[in-house]
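One structure below.
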Protein chains: 2
Amino acid sequence: MSYSIGQVAKMVGVTTHTLRYYEKEGLLPFVHKSGSGLRVFTDNDLNWLAMIECLKETGMPLKGIKQYIDWFIEGDSTLQQRLDMFRNQKQKVEAQIALYRKHLEKINYKIQMYEDAVKKGSWDKMLEEQRLAEEKERRFGKK
Amino acid sequence: MSYSIGQVAKMVGVTTHTLRYYEKEGLLPFVHKSGSGLRVFTDNDLNWLAMIECLKETGMPLKGIKQYIDWFIEGDSTLQQRLDMFRNQKQKVEAQIALYRKHLEKINYKIQMYEDAVKKGSWDKMLEEQRLAEEKERRFGKK
DNA sequence: CCAAAATATAGAGTTTGCTTTAAGTTAATT
DNA sequence: AATTAACTTAAAGCAAACTCTATATTTTGG
C-alpha cells in the first residue's frame, strides 16, 4: 500500500509540516516522490516512523535518530554501532523509569500532605497536628 | 545554614546562571539578598529547589512550577488546586512510565535482532535465517 | 591591602523541535 | 470546467530553557 502525506500524518498523529520537517532533517530518506513531486509513503516508511516515534519519545534527539538512520544506510559495517546505540538507549530508558519512580514517591507524599491539609482546611494546622503526632510517637513509642 | 549562589549551584547540579534565571522566572521567591545585594540561600530554598527538580524532571514546564509556587504564596485558599496539581502530575508520571515500558520492549526486540545480526555479520543474513525459522515453525508446528 | 575569585545586572544569543506564512502547483469533486 | 482541498518549496517565526557576554561590584585569601 501507499499513502499520501496527509494520510500518514493522521495515522502517525503529527502534522504534514512535521513530516516534511523530518524529511528535511534526514529522518525519512526512503520516501519516494510521484512524477508530479508528491510524496508517496509506503508501509516501510510507516515502520520507520514507528521507530522514530519510539526513539523520540524515549528522549533521543532528532540528530541521534538521524545518526541511526545514516548507519542503517551505510550497511553492515555499522551493525555494532547500531547495537551499541540500542543498548545505550535501553540503559537511558531504564534509568529514566527509575528516576520517575523516585519522583513519584515524592509526589505521593505531597498528595498525602495536601489531602490532609485540605481536610483540615489549613496547611499550618495540618503541619501542627503532624508535629504533635510525631512528638507523641517519640514519647510513647510507636503503635 | 546559609549558602552562596555558587555553593547552591554545585549542590543542586546547575549553573549560577540557571539559578538566577529561575529566580527571574519567579521560581525562587524566598531567596533573600545580603546588604550588598548578594543572594543568600537557606535550607528552605534548597527544599524548594528539590521540589522544582522533581516537577521539572517529571516533565512540568517552568510555568507550571511557577503556578504552584504562586498558589503556595497565595495560601490556604489554593490548597485544593495544589492537591489537584500533584494528583495530575502523578497521573502524568504513571502514564509516562507505562509508555517507557512499551518502548523498552521495542528496544529490547531490536537489541535481539542486532545481536543476532552482529553474530552473523550481516543484517540480511539474520533476516533470512529468521524468515526460514519462522517458515519451519509454520510448517511443523512449534517446539 | 591588593589581586583573584565570586557575584551582580541587563541583555543578547543558542538550541531544539516544531509551526506558520507566502506563493504557488496538483488532485479530487461537483 | 471550475472550485476547493491537498500538496509543493523556501523561509521566517516561535516557545522553552537555558547560556553567554559585558561591565560593574563584592568578597576572600595571602
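In what follows, chains are A, B, ... by sequence order, proteins preceding strands, each numbered from 1.
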Steps toward side-chain contact (heavy atoms from CB on, under 4.5 Å) verdict (A:Gln130, A:Met113) | CA-CA 10 Å; A:Gln130 189 180 278; A:Met113 302 291 277; 3.4 Å; yes
Closer than 4.0 Å, any side-chain N/O of B:Tyr22 to the OP1 or OP2 of D:dC18?
->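 Yes, B:Tyr22 has a side-chain N/O under 4.0 Å of OP1/OP2 on D:dC18.
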Under 4.0 Å between a side-chain N or O of A:Tyr21 and OP1 or OP2 of C:dT16?
->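 Result: no.
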Looking across every strand, which nucleic acid part, if any, lies under 4.0 Å from B:Lys56 by heavy atom: base, sugar-phosphate, or nothing?
->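 Sugar-phosphate, backbone atoms only, no base.
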With no hydrogens and no angle check, do the side chains of B:Gln80 and B:Asp84 hold a donor and an acceptor under 3.5 Å apart?
->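 Per modelled atom types, B:Gln80 and B:Asp84 side chains form a pair under 3.5 Å.
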Are the side chain of B:Glu57 and the backbone of A:His103 linked by a donor-acceptor contact shorter than 3.5 Å?
->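 Judged by distance alone, no pair lies under 3.5 Å.
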Nucleotide [N], atom [atom2] - distance to [atom1] of [X] in whole Å:
{"X": "B:Phe41", "N": "C:dA8", "atom1": "CZ", "atom2": "P", "result": "8 Å"}
{"X": "A:Leu62", "N": "C:dT15", "atom1": "CG", "atom2": "C1'", "result": "12 Å"}
{"X": "B:Ile52", "N": "D:dA17", "atom1": "CD1", "atom2": "C1'", "result": "14 Å"}
{"X": "B:Leu19", "N": "C:dA8", "atom1": "CG", "atom2": "P", "result": "10 Å"}
{"X": "A:His17", "N": "C:dG17", "atom1": "NE2", "atom2": "P", "result": "19 Å"}
{"X": "A:Lys66", "N": "C:dG17", "atom1": "NZ", "atom2": "C1'", "result": "16 Å"}
{"X": "B:Lys24", "N": "C:dT7", "atom1": "NZ", "atom2": "C1'", "result": "16 Å"}
{"X": "B:Leu27", "N": "D:dC18", "atom1": "CG", "atom2": "P", "result": "10 Å"}

Where do B:Lys66 and B:Glu25 land on the side-chain contact (heavy atoms from CB on, under 4.5 Å) test, with the steps shown first?
-> CA-CA 8 Å; B:Lys66 177 177 164 36; B:Glu25 296 299 306; 5.7 Å; no
Can you see which heavy atom on A:Asp76 is nearest to which on B:Trp123, and at what distance?
->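 What the structure gives for the nearest pair is OD1-N, 3.1 Å.
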Is the distance between the ring centroids of B:Phe72 and B:Trp48 under 6.0 Å?
->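 Between B:Trp48 and B:Phe72, which both carry aromatic rings, the centre distance is below 6.0 Å.
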List every contact pair, protein side and nucleotides 6-8 of chain D side both N or O, where the distance is under 3.5 Å.
{"residue": "D:dC7", "atom": "OP1", "partner": "A:Ser4", "partner atom": "OG", "Å": "2.9"}
{"residue": "D:dC7", "atom": "OP1", "partner": "A:Gly6", "partner atom": "N", "Å": "2.9"}
{"residue": "D:dT8", "atom": "OP1", "partner": "A:Arg39", "partner atom": "N", "Å": "2.7"}
{"residue": "D:dT8", "atom": "OP1", "partner": "A:Arg39", "partner atom": "NH1", "Å": "2.9"}
{"residue": "D:dT8", "atom": "OP2", "partner": "A:Arg20", "partner atom": "NE", "Å": "2.8"}
{"residue": "D:dT8", "atom": "OP2", "partner": "A:Arg20", "partner atom": "NH2", "Å": "3.0"}
{"residue": "D:dT8", "atom": "OP2", "partner": "A:Arg39", "partner atom": "NH1", "Å": "3.2"}

Within a reach of under 6.0 Å around CD of B:Glu94, are more than 12 heavy atoms found that belong to other residues, nucleotides or ligands?
->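 Yes, the 6.0 Å shell around CD holds more than 12 heavy atoms from other groups.
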